[in-house]
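Keep in mind that what you see is a predicted model, and the values were worked out from it rather than measured. Every chain is numbered from 1, with letters handed out A, B, ... down the list of sequences.
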Amino acid sequence: MIHLPAPAQFSWTECLWFLDRRYDDCLYAIEGQSVTKAVVLEGRPVLLRISGDREGLKVDVKGGKSASEETIQAYVRDWFDMDRDVRPFYSLLRKHPRVAYMAREFKGLRLVGIPDLFESLSWCIIGQQINLSFAHKVKRQLVAAYGGSVAGHSLFPAPEVLAELKEPDYKALQFSRLKAEYMITLSKAFADGVISKVALLALEDTEARMKALTSIRGIGAWTANYALMKSLRDTTRIPHGDVGLLKALVDHDLMADRKDQKAFLRFFAEFSGWESYMVFYLWRSLSPPQLAAS
DNA sequence: TCCCAGGGCATCA
DNA sequence: TGATGCCATGGG
């Protein structure tokens, strides 16, 4: 059993709530106050069962020979963004009349990430311009057909596996022709080592990373920003044009309508350095409150 | 039936 | 640089 003390402004309940939305994600399982996820660490599949309370998180590692405790800790801390001091973000939140309530209602919510960059980008391609319910269905089908598993818990398919697929294989999983093409390109790029988290992190700044990502066919500004937020932990990215984000901004009376670009920029200028957190909290605000209580 | 969904790309002015 | 049309399919 591994213990991770909770940092300031960290709520396991809020993080778990985010994972436990209505979509039935196939890559982890929620049971009560714990989440179980299969993951490959140090080249070996392991099963992590994470539970928490006010003191912090407990990680139970299942399976035989597993990764080092240090690696497991780093994975969990990254997943829930536990190493970040979010207090400056909370100061900004409280200063803004329209969103100040989030500092109370979503207190301790961290930007729950997707540590695996390949999974993250694949998920973006799947989700492009389709509703989230259907996107999850397509992901489930892809994972069921080509992913691995640990004690019944699914792993996202490896790029080497997906790179071998052809368009009809993807079509059978309800990918569109273009998305099939994007997935083939993306998985080959990962399989060949052209893209990786390490390679992107080695670039000089966030703009260089954006450029590297968007040079890949099928990865536009929205996807690149999303992946930088969720996988590379860049807190300054905004997925411009995101329909949910725009809806939340209009709902909060922060934009007159979805085309009110000036208001959009004015708002985010007030959260400089914390744009991604603001986006995440706005997305959080879209979910009905009764789900939060369930 | 109709509109829209956590976009991306090609084309055109 | 911005606007427009197309792709493609399920959910509400």
Side-chain angles (χ1 to χ4, degrees), chain A residues 17-27 106 109 111-114 116-117 119-142 144 156 167-189 195 207 209-232 234-235 237-252 254-255 257-262 264-265 267-268 275-288 290-291:
Chain A
W17 177 90
F18 172 79
L19 293 177
D20 197 19
R21 292 170 301 166
R22 61 189 179 281
Y23 298 114
D24 186 28
D25 196 294
C26 59
L27 295 176
F106 311 151
L109 173 66
L111 203 167
V112 178
I114 303 176
D116 178 353
L117 181 64
E119 177 192 327
S120 180
L121 290 167
S122 301
W123 172 234
C124 286
I125 289 171
I126 291 170
Q128 286 169 5
Q129 193 59 15
I130 59 175
N131 64 67
L132 275 175
S133 299
F134 181 50
H136 275 90
K137 181 185 172 190
V138 173
K139 183 168 88 166
R140 267 197 298 278
Q141 292 174 162
L142 180 71
F156 194 76
E167 184 185 315
D169 302 318
Y170 283 106
K171 293 277 280 184
L173 303 172
Q174 293 184 279
F175 282 73
S176 67
R177 183 181 55 78
L178 276 172
K179 287 185 182 180
E181 182 191 320
Y182 298 162
M183 283 302 299
I184 291 166
T185 304
L186 183 74
S187 50
K188 282 183 176 163
I195 324 171
E207 291 309 322
R209 294 182 191 101
M210 282 295 292
K211 201 171 172 183
L213 285 170
T214 54
S215 69
I216 301 161
R217 190 169 160 77
I219 298 181
W222 180 86
T223 298
N225 278 311
Y226 183 96
L228 290 179
M229 269 177 71
K230 298 278 280 189
S231 302
L232 272 74
D234 186 333
T235 59
R237 307 316 303 175
I238 305 169
H240 290 274
D242 180 274
V243 290
L245 173 60
L246 293 173
K247 181 181 187 313
L249 288 166
V250 172
D251 286 354
H252 284 78
L254 292 161
M255 294 173 77
D257 58 57
R258 293 187 182 192
K259 292 184 176 173
D260 190 355
Q261 190 66 12
K262 281 176 74 176
F264 183 97
L265 296 174
F267 174 71
F268 277 104
E275 291 90 340
S276 303
Y277 256 87
M278 193 63 249
V279 168
F280 196 69
Y281 273 51
L282 284 164
W283 279 339
R284 168 68 178 82
S285 76
L286 290 170
S287 297
Q290 62 268 26
L291 278 173

Heavy-atom distance under 4.5 Å between the side chains of A/L245 and A/I238, does that happen here? yes

Detail all sub-3.5 Å separations between protein N/O atoms and N/O atoms belonging to nucleotides 10-12 of chain C.
unit_1: C/dG10; atom_1: OP1; unit_2: A/Q174; atom_2: NE2; d: 2.7
unit_1: C/dG11; atom_1: O4'; unit_2: A/N131; atom_2: ND2; d: 3.3

Between atom CD1 of A/I216 and atom NZ of A/K188, what is the distance when rounded to the nearest 0.5 Å? 14.5 Å

Using atom P in both nucleotides, what's the gap between B/dC9 and C/dG10 to the nearest angstrom? 23 Å

Please identify each residue that fulfils ring pair (Phe, Tyr, Trp, His ring centres under 6.0 Å) with A/F268, with sequence neighbours left out. A/F264

Length of the NZ-P vector between A/K259 and C/dG2, whole Å: 14 Å

Let me know the distance between CD1 of A/I125 and C1' of C/dC7, rounded to the nearest Å. 15 Å

Checking A/E167 now: which residues fulfil salt bridge (Lys or Arg N to Asp or Glu O under 4.0 Å) with it, not counting sequence neighbours? none

Does A/Y23 have any ring pair (Phe, Tyr, Trp, His ring centres under 6.0 Å) partners at least two apart in sequence or in another chain, and if so, which? A/H136

Counterpart residues, ring pair (Phe, Tyr, Trp, His ring centres under 6.0 Å), relative to A/F175 (two or more places apart): A/Y170

Check A/Q174 against A/V138 and note the closest heavy-atom contact, atom names and distance. O-CG2, 4.1 Å

Base, sugar-phosphate or nothing for A/R237? Non-hydrogen atoms, less than 4.0 Å. nothing

Atom NZ of A/K171 and atom P of C/dC7 are separated, to the nearest Å, by 12 Å

Output one letter per nucleotide in nucleotides 7-13 of chain B: B when a protein non-hydrogen atom lies under 4.0 Å from the base, S when only the sugar-phosphate is that close, - when neither is. BSSS---

In whole Å, I'd like the distance from the CH2 atom of A/W123 to the C1' atom of B/dA5. 12 Å

Closest heavy-atom pair, A/S285 versus A/F106, reported as atoms and distance to 0.1 Å, is CA-CZ, 3.8 Å

